[in-house]
2 protein chains.
Amino acid sequence: MKTINLTTQRQAVYDVVREAEDHPTAADVMNRLVERGHSFAYGTVYNSLRYLTEKEMIRELKLGEAASRYDARTDDHQHIVCEICGKVGEVMTPMPEEWMTRVAEETGYEVHEAHIVVEGVCAECRTKRKK
Amino acid sequence: MKTINLTTQRQAVYDVVREAEDHPTAADVMNRLVERGHSFAYGTVYNSLRYLTEKEMIRELKLGEAASRYDARTDDHQHIVCEICGKVGEVMTPMPEEWMTRVAEETGYEVHEAHIVVEGVCAECRTKRKK
DNA sequence: AATAGATTTATACTTATTCTAAATTGAAAT
DNA sequence: ATTTCAATTTAGAATAAGTATAAATCTATT
Ligand SMILES: [Mn+2]
Ligand SMILES: [Mn+2]
Ligand SMILES: [Zn+2]
Ligand SMILES: [Zn+2]
């Protein structure tokens, strides 16, 4: 499971995710592929996203919406979602290691990782609100 | 939006969630209603869960699985999911207030709340693993 | 009892995603 | 160069969770 086989389709999907600034959904990726002149089957886009995720070239994000989003940043970080416009921002402030330790003690689980989705209002939406 | 109208159906759904120990899904709730001799329409169960959530009598949890889970504990807490058996545990250790402040500074968002899903391995599954 | 509003029901629909079976591709072996 | 075979892609059917709709039923209030 170490070799990575990047077909034309997988490379194109990876390019779209890598060049995106906004954590696109599978449907977003599909649309952008079409804009670039590709026409892959839906299944292929889903398969490619899964493949790239398994190879850890991208990450799949479950932010509580119906559709998964994809992220070419694979370094450890979290996300913040604007309750008004839905914009997804990066959260680089790391979770204190101590919190994880406390959770392990409290629950008896061996703790591996934490997925955090912060909800709030982005700067633009705050400005508009004060109209 | 202050009065609460608990119909037979809503009360029965609430009872199931309140008496559950395991953060049931809508389908779980449906099955337990049938076990108790009820036979409500699927739509009614979803409507009731939404109603109870809006009245803040229960909470809807999005833990990254396909189906939402429901929780009669409405006090502030988080969740931990076993990667092996799927068991969902409570996490009462609060996220440090300072982390939230740092995230607000970092992102420029007004931060409202954080939903955290911790992944790990529960005590039972750890025991079994050492077979 | 009549009225009106809220609720429930049965069913159709939507959305996101996975599955399937056939067709295609491409690398390795002849 | 041609054959071979596994991996991949394709198109479309299937699934899962949840929402929408319209008709039927409840529940106060007059
Ligand atoms: Mn990100
Ligand atoms: Mn809980
Ligand atoms: Zn916003
Ligand atoms: Zn377990």
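Protein chains get the first letters and strands the later ones, always in sequence-line order, with residue 1 at the start of each.
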Quick tally for nucleotides 15-29 of chain C: nucleotides whose base has a protein heavy atom under 4.0 Å get B, sugar-phosphate-only ones S, the rest -, giving -SBB-----------
With a non-hydrogen cut-off below 4.0 angstrom, is B/Thr7 in contact with a base, only sugar-phosphate, or nothing?
sugar-phosphate
Given 3.5 Å as the limit, does a donor-acceptor pair link the side chain of A/Arg126 with the main chain of B/Gly108, or not?
yes
Looking only at the side chain of B/Arg10 (C-beta and beyond, no hydrogens), which of the listed nucleotides D/dT10, C/dT7, C/dT9 gets closest?
C/dT7
Measure CZ/B/Phe40 against C1'/D/dT25 and give the value in whole Å, please.
14 Å
Could you state the CG-P distance from B/Leu49 to C/dT8, rounded to the nearest angstrom?
12 Å
Could you give the NE2-to-C1' distance, from A/His38 to D/dT10, as a whole number of Å?
16 Å
Is there a side chain to side chain donor-acceptor pair (under 3.5 Å) between A/Glu56 and A/Thr74? Walk through the geometry before answering.
CA-CA 7 Å; A/Glu56 295 184 83; A/Thr74 55; over 6 Å; no
For the backbone of A/Met92 and the side chain of B/Glu106, can you confirm whether one donor and one acceptor N or O come within less than 3.5 Å of each other?
yes
Using only side-chain N and O atoms of B/Gln9, determine if any of them is under 4.0 Å from OP1 or OP2 of D/dC26.
no
Starting from P on D/dT8, measure out to CG on A/Leu6 and report it in whole angstrom.
11 Å
In whole angstrom, what separates B/Met30's CE from D/dA17's P?
13 Å
Using 30° and 60° as the class limits, which term best fits the ring planes of A/His23 and A/His77: parallel, tilted or perpendicular?
tilted
Less than 4.0 angstrom from a charged side-chain N to a carboxylate O is my criterion; do A/Glu124 and A/Lys128 meet it?
no
Evaluation steps, side chain to side chain donor-acceptor pair (under 3.5 Å), between B/Glu83 and A/His112
CA-CA 9 Å; B/Glu83 285 159 3; A/His112 292 169; 2.8 Å; yes
